[in-house]
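One structure is given below, encoded as structure tokens.
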2 protein chains.
Amino acid sequence: MARISDVAKHAGVSVATVSRVLAGQGSVSESARERVLASVKALDYHPDLAARRLRSGKTDTLGLIVSDIRNPYFTDVSRAIEDVAYARGMRVLLCNADEDPAKERFYLDMMRDENVAGVILSPTLQLLSRFRPEDFSFPLVLVDRSNPDTHADAVVLDNPDAAQRLARHLLDRGCRRIAFFYGAASATGSQRLAGYRSALADAGLEPVPVPIRPTTEDARQALLAWLDTQSALPDAIVASSGLILLGLIEGLRERGLRWPDDVIIAGFDDMAWTRITSPALTVIAQPTADIGRSAIELLLARIAEPKQAMRRIVMRGELIVRGSSQPG
Amino acid sequence: MARISDVAKHAGVSVATVSRVLAGQGSVSESARERVLASVKALDYHPDLAARRLRSGKTDTLGLIVSDIRNPYFTDVSRAIEDVAYARGMRVLLCNADEDPAKERFYLDMMRDENVAGVILSPTLQLLSRFRPEDFSFPLVLVDRSNPDTHADAVVLDNPDAAQRLARHLLDRGCRRIAFFYGAASATGSQRLAGYRSALADAGLEPVPVPIRPTTEDARQALLAWLDTQSALPDAIVASSGLILLGLIEGLRERGLRWPDDVIIAGFDDMAWTRITSPALTVIAQPTADIGRSAIELLLARIAEPKQAMRRIVMRGELIVRGSSQPG
DNA sequence: CTGTTAGCGCGTTCAA
DNA sequence: TTGAACGCGCTAACAG
């Protein structure tokens, strides 16, 4: 590997001049610049990032800590983040906290040790409920999960609004008894529950909340167990996330129940497979690409301007009505 | 931020002793060790990784370049890789080459600049077809895509065998005209095509290969266009990947075609949604977790022992027979 | 067992 | 416009 001193020697200048050319600042004569550039190419020189970082104390690496890398929501968001980072020549250190506070802690420590320029995080409920900005030595943007009073830059869906609109849609379709399967240990689950509750309260109806662990398999089992306790089917079943929705669909199929005839079903997240069930599923689509893009732009802005006021970007979910909520 | 010299001063020893304690090598008296550890804790000292890397020339970061972060196959593999890395306290730099040779080049250069300990890569066909080990300055393990004559450590599915078994299964079910939708510009697509061809050849039947771009949307459109050119439906349609399978399902639904009655359908990748179609889909399941785990273990072994012979790990796909291939 | 010291490769003063 | 020299924080070789 060629060093900067090799380039300097080859170009007949000092290392300082090479550095200036590479940094594109400070004044360098045109002839020197050309010779340096030629030598860089000739020697296939690549600056040592470790040395550069040690010296400058800065990094062009961003951290991204997601709760579940296998959840399409997060891969879509990650993809958007990565695209922006790529366009800017930045690196992304992607970690999967797996909804585990210990892993989350580990990765946040890793980010500090890596001296990343900033971090995008979808926090566990535990972290979010005790969130204090001063606990983090780097710029941080929350994504997917944040409360209105959380003192942090964040990009989230308007969960109460989206859940409310989804519930109202079902009420408009004549549903009166609407069960809501939601992730009890998640901020989004609670927020969506609140929207659902409020829609039902407005209609003077009793909510039927079913708290579960927000995985596909748990949702499936929870639905089967819950159905066994019911004397009659509800009019509709709503899932507070795409993973839960998939589990509910599996459970309904297992029981031989069809939608919308036996029961109406709807949920969150416009995953690819929601279009191939018969009939297709009514969902709230999240603008995942916009969420990811906004998150990294928020982060880069914060890095550039650490003092600016906190910003909370709230995205509107889109209700996509499909056959699963169209009885008759 | 506390430096190693602060710790040394606080503990009343030299920086060398602190370094030895932290590295866990060299001999240090018990009392010194305890004092150092106490000081580390008291000062909340964290070693500067940039300095450590500059000095040692080593990194505990691995690179992972996948072709498509939104493909569940790759997220599952990534997840397994990440788990092993987490257990070892290593970092993973995850990049999404997006099937784009330019992005792939960019990220490979980034890996070199980052001086990563090693890289796991699912190469584009372009890179694979011109693969030369000497082009890479770091240990490299290929995943998902590699040819038998590629001179590199690799973990792949036995694609010809899996496709052959899938095709034979359909032949056993009485199918004679079997269309095969596959990614023409991918190594796995070609290998699976070969297995399919060989099964049909053994049965004395004509193959019906349909080369497409391996995305869901392309598969959907290609199916619709292809159906328009056919005077009659084939007995079966096979997808060479999960993304393609989803597109085919979308297309069949659009045409109002049902499986297995109108046409039998099957494909690769046991994605979660393949269980919720009516009936569920027959697929070749890939052992994604094992593939990921094997890949990183292969890489770590290569890093530890750079001279050892190349290893190619070939995994067997599992045929999961479901309703979509059970006529009658 | 321990401390001193010399770089790792680079960016950045400061003088010229 | 240029170059010499220092030091970022750490590890490892060497001396004691």
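Note that the structure is predicted; figures quoted are calculated from it, not measured. Proteins come first, then strands; the chains are lettered A, B, ... in the order of their sequence lines, and each starts at number 1.
In this structure, A/Ser56 contributes its side chain and A/Lys58 its backbone to a donor-acceptor pair below 3.5 Å. B/Gln286 contributes no side-chain N or O that, together with a main-chain N or O of B/Leu157, makes up a donor-acceptor pair within less than 3.5 Å. Side-chain N or O atoms of B/Arg302 include one that pairs as donor or acceptor with a backbone N or O of B/Gln308 at under 3.5 Å. Judged purely by atom type and a 3.5 angstrom limit, B/Asn115 uses its side chain to pair as donor or acceptor with the backbone of B/Gly57. Proximity of a side-chain donor or acceptor of B/Asn147 to a complementary backbone N or O of B/Asp149 within less than 3.5 Å is not detected. Although no hydrogens or angles enter the test, the distance criterion places no donor-acceptor pair under 3.5 Å between the side chain of A/Asp60 and the main chain of A/Met90.
Between the side chains of A/Thr188 and A/Ser186, at least one donor-acceptor pair of N or O atoms lies under 3.5 Å.
Nucleotides of DNA chain C lying under 4.0 Å from heavy atoms of chain B occupy a range whose first and last members, 5' to 3', are C/dC1 to C/dG9.
When the shell of 6.0 Å around NE2 of B/His46 is examined, it contains more than 12 heavy atoms from other residues, nucleotides or ligands.
Partner B/Pro139 forms a side-chain contact (heavy atoms from CB on, under 4.5 Å) with one of B/Ile303, B/Val119, B/Leu62 and no other, that one being B/Ile303.
For B/Gln25 and D/dT11, the shortest distance from a side-chain N or O to OP1 or OP2 is not below 4.0 Å.
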Summarise protein proximity over nucleotides 2-10 of chain D in one line of letters, 5' to 3': B for base, S for sugar-phosphate only, - for none, counting protein heavy atoms closer than 4.0 Å.
BBB--BBBB
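Looking at A/Asp6 and A/Lys9, no side-chain N of the basic residue comes within less than 4.0 Å of a carboxylate O on the acidic one, giving no salt bridge.
Direction change of the helix axis from one end of the helix from C/dC1-D/dG16 to C/dA16-D/dT1 to the other is 40°, with five pairs defining each end axis (rounded to 10°).
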